[in-house]
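Throughout, protein chains are lettered first and strands after them, A, B, ... in sequence-line order, and every chain is numbered starting at 1.
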There are 2 protein chains.
Amino acid sequence: MNKGQLIEAVASELGTSRTQAAKAVDAVLRCIQRGVRDSDGVTITGFGTFQKKSRAGRTVRNPATGSPMVLEPSMTVGFRPSQALKDALAETAALPRG
Amino acid sequence: MNKGQLIEAVASELGTSRTQAAKAVDAVLRCIQRGVRDSDGVTITGFGTFQKKSRAGRTVRNPATGSPMVLEPSMTVGFRPSQALKDALAETAALPRG
DNA sequence: CCTCGATCAACTGACCCTTGTTCATCAGGC
DNA sequence: GCCTGATGAACAAGGGTCAGTTGATCGAGG
């Protein structure tokens with residue numbers, strides 16, 4: 001699923017136009033982004049938690065040349081799905097008869 | 001940041017009421033959830049990729065007792081932030097001069 | 001249009017993940 | 001607005017797994 005399809009789905013959910021849905025999707029994503037950036041994390045009950053995490057620097061190897069290189073510490077975003085989300089996935093994952 | 005604050009932020013972004021923003025947030029999250037569930041993954045350009053991942057079963061240890069236990073394979077959701085998102089974090093993380 | 005994204009290769013070590021309790025906070029309803 | 005149910009975070013310790021690196025290309029999406 002890509003952004004367009006997500007927007008379509010949101011439009012269907014909200015009963016609005018794709019244009020409005022696009023704004024909604026963009027706004028939500030942007031707010032999550034800002035939340036992670038400013039608040040170190042966004043906890044959404046029943047969905048999951050976005051959390052800004054610092055990756056420790058380490059030594060990696062260039063797969064092309066095999067030469068080692070030092071990675072400097074960087075920031076990334078971790079997502080910890082809630083049990084409800086994992087359960088929602090399991091619904092289809094173990095969906096024998098539908 | 002929690003869900004309520006996210007809703008407030010979205011309401012501010014969209015210029016709508018918190019009630020409408022709540023619907024939008026819920027719709028977007030639900031659609032992402034369904035997308036991950038049905039489509040194995042949701043790729044959002046400029047934000048990141050949610051991907052349903054199957055965790056292989058393995059042996060873990062109960063940190064309380066120290067006794068090993070066998071984990072059965074399960075599903076989880078991985079989030080791979082886009083470079084743009086990581087860059088957005090870096091803006092504040094390494095904000096040297098402003 | 002044209003950029004973003006996924007792919008693939010070998011390798012390394014950082015990080016996730018488990019249990020279980022408990023408190024605090026959050027979301028929801030009237 | 002307040003009460004209540006429920007969800008989530010922290011901690012401790014160890015091991016197995018997965019992420020991450022370069023770089024060019026193809027494909028699709030915005």
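Between Leu71(A) atom CG and dC15(C) atom C1' there is a gap of 15 Å when expressed in whole angstrom units. The nearest whole Å value for the distance from the CZ atom in Arg61(A) to the C1' atom in dT21(D) is 11 Å. dG27(D) atom C1' lies 13 Å from atom CG of Asn2(A), rounded to whole Å. When the P atom of dT12(C) is taken as reference, atom CZ of Arg58(A) falls 11 Å away, rounded to whole Å. Taking atom CD of Gln83(B) as the reference point, atom P of dG5(C) lies 9 Å away to the nearest angstrom. In this structure, Phe47(B) places its CZ atom 18 Å from C1' of dG29(D), rounding to the nearest Å. Between the CE atom of Met1(A) and the C1' atom of dG29(D) there is a distance of 15 Å, rounded to whole Å. Atom CE of Met69(A) and atom C1' of dG23(D) are 12 Å apart (whole Å).
Checking Ser74(B) against Ala84(B), the closest nucleotide of DNA chain C that is more toward the 5' end is the one next to Ala84(B). Along DNA chain D, the nucleotide closest to Arg55(B) and the one closest to Gly48(A) are compared, and the more 5′ of them pairs with Gly48(A). Take the nearest nucleotide of DNA chain C for Val60(B) and for Gly4(B): the residue whose nucleotide is more 5' is Val60(B). Ranked by how close their nearest DNA chain D nucleotide is to the 5' end, Ala64(A) and Ile44(B) are led by Ala64(A).
Base contact: Asn62(B) has a heavy atom under 4.0 Å from a base atom. Counting non-hydrogen atoms under 4.0 angstrom, Ser54(A) reaches the backbone sugars and phosphates but no base. Note on Thr65(A): nothing from the nucleic acid sits closer than 4.0 angstrom, heavy atoms only. If you check every strand for non-hydrogen atoms under 4.0 Å, Gly46(B) touches sugar and phosphate atoms only.
Under the 4.0 Å criterion applied to side-chain N and carboxylate O atoms, Lys52(A) and Asp38(A) are not assigned as salt-bridge partners.
Of the listed nucleotides (dA14(C), dG5(C), dA9(C)), dA9(C) has the atom at the smallest distance from the side chain of Pro63(A). Here the nucleotide nearest the side chain of Arg80(B), chosen from dC4(C), dA9(D), dT7(C), is dT7(C).
Atom-to-atom distance recorded for Met1(A):CE and Thr49(B):OG1 is 13.0 Å, nearest 0.5 angstrom. Of the inter-residue distances, the one linking Leu85(B) atom CG with Arg37(A) atom CZ reads 10.5 Å to the nearest 0.5 angstrom. A distance of 8.5 Å separates NZ of Lys86(A) from CZ of Arg55(B), quoted to the nearest 0.5 Å. Between the SG atom of Cys31(A) and the CD atom of Glu8(B) there is a distance of 10.5 Å, given to the nearest 0.5 Å. Taking CG of Leu6(B) as the reference point, atom CD1 of Ile44(A) lies at 5.5 Å (rounded to 0.5 Å). Rounding to the nearest 0.5 Å places NZ of Lys53(A) at 11.0 Å from CE of Met75(A).
When every heavy atom of Ala84(B) is checked against every heavy atom of Gly46(B), the shortest pair comes out as CB-O, 3.6 Å.
Note: Phe50(B) and Phe79(B) have tilted aromatic rings, judged against thresholds of 30 and 60 degrees for the angle between ring planes.
Heavy-atom distances under 4.0 Å link DNA chain D to no residue of residues 18-35 of chain B.
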Can you tabulate the close N/O pairs, meaning under 3.5 Å, that link protein atoms to atoms of nucleotides 28-30 of chain C?
none

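Regarding contacts with the backbone of dA6(C), a side-chain N or O of Thr49(B) is found under 4.0 angstrom from either OP1 or OP2.
You'll find the side chain of Thr45(B) stays beyond 4.5 Å of the side chain of Ser82(B), heavy atoms only.
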